Amino acid sequence: MAEVILAIEDEEPVRDAIVAALEASGYKVITAQDGEEGLERLQAEGPDLVLLDLMLPKIGGMDVCTVIREHSEVPIVMLTGLAAEDDRVEGLCRGADDYITKPFRARELAARVRAVLRRSKYWSSDDQHLIELGELSVRPAARVVTLRGENVPLTPKEFDLLEYLVRNCGRVVPRERILERVWGEDEYIDPRTLDVHIRWLREKLEESPSEPKRILTVRGEGYKLMDI
Ligand code: CA
């Protein structure tokens, strides 16, 4: 079955170009003209990837990206007319997976979409995949973690937390989202529990737990796992 791409773009010619480019590559494309409609279609149709224009009327693309990330891990590729480094960095920090600068060529767009989809499938697969991040290896199915080839014994919650960070490697993951995904949103949980578990993970995975290089604290936001 064809993978479904949701394109949120207010300019009709650009929207048409996206549809043409991606349909030619075998994708099914659904479209939205603004952020609000985009969020509705995302919810209703559960696309495999979202192409999100940065400059949108009403709610801007960055804010749409933030809202999507509160609920969904769907891969997001930002479409931007601005090549400024700041926007790129901000987009990726807010949870976008990649970005593409307008004007783009059809082939470039399709290639970028394909690459992001491939990467996201790899991360979301629950099979026997070995996930290797520098010196750290994680086998989700076997729930085994090794550091420089040595087995690292983790409690179930430590494993869940690490696995969640690994699947979001290189991204800042907000505290609330970690609590929700790892501990469950209905359960009453002291937010400090997260910090305690992070400390335990650091004791097991960092050379110097007080100066972490692998699990970083992003002040006021959350945590980020580095690929080292
Ligand atoms: Ca626009």
Side-chain angles (χ1 to χ4, degrees), residues 1-124 167-174 176-177 180 218 220-222 224:
M1 219 169 73
E3 283 160 308
V4 179
I5 313 297
L6 168 61
I8 309 175
E9 165 65 67
D10 57 318
E11 291 153 79
E12 201 182 346
V14 182
R15 219 163 46 229
D16 291 346
I18 292 170
V19 172
L22 295 179
E23 283 186 349
S25 296
Y27 297 106
K28 181 181 175 211
V29 188
I30 55 178
T31 61
Q33 302 184 31
D34 58 52
E36 219 168 319
E37 189 191 356
L39 291 168
E40 281 168 22
R41 295 208 78 171
L42 174 70
Q43 186 106 29
E45 300 175 58
D48 298 290
L49 182 141
V50 176
L51 267 177
L52 177 59
D53 183 29
L54 183 65
M55 304 296 269
L56 287 171
K58 296 190 273 189
I59 327 168
M62 288 291 186
D63 292 327
V64 174
C65 182
T66 304
V67 174
I68 292 175
R69 275 289 167 265
E70 284 168 11
H71 308 283
S72 165
E73 304 288 317
V74 66
I76 300 172
V77 177
M78 302 290 296
L79 280 171
T80 162
L82 312 158
E85 191 71 359
D86 284 355
D87 291 298
R88 189 195 113 147
V89 170
E90 196 189 351
L92 295 177
C93 284
R94 289 214 200 168
D97 296 85
D98 203 350
Y99 81 107
I100 190 162
T101 310
K102 288 193 273 190
F104 49 82
R105 284 171 306 150
R107 192 179 293 186
E108 185 192 358
L109 176 69
R112 203 66 75 85
V113 162
R114 193 158 43 241
V116 171
L117 278 172
R118 197 166 47 220
R119 210 159 62 206
S120 86
K121 252 189 234 132
Y122 174 76
W123 291 117
S124 63
R167 290 185 187 279
N168 288 281
C169 178
R171 258 189 210 163
V172 180
V173 197
E176 304 72 47
R177 190 139 57 89
E180 188 185 307
V218 182
E221 292 192 47
K224 178 159 97 168

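Atoms within a ligand are numbered from 1 in the order they appear, just like the ligands themselves. Only a predicted model underlies this, so the values are computations on that prediction, with no experimental measurement involved.
At a threshold of 4.0 Å, the pair Arg15-Asp34 does not count as salt-bridged, since none of the basic side-chain nitrogens sits closer than that to a carboxylate oxygen. We find that Lys102 and Glu9 are joined by a salt bridge, their nearest charged nitrogen and carboxylate oxygen being less than 4.0 Å apart.
Taking the Ca ion (ligand 1) as reference, the nearest N/O/S atom within Asp10 carries the name OD1. Closest N/O/S atom of Glu11 to the Ca ion (ligand 1): OE2. In terms of distance to the Ca ion (ligand 1), the nearest N, O or S atom of Asp53 is named OD2.
Residues Ile8 and Val64 approach most closely at CD1-CG1, 4.4 Å, considering heavy atoms.
Judged purely by atom type and a 3.5 angstrom limit, Arg177 uses its side chain to pair as donor or acceptor with the backbone of Arg69.
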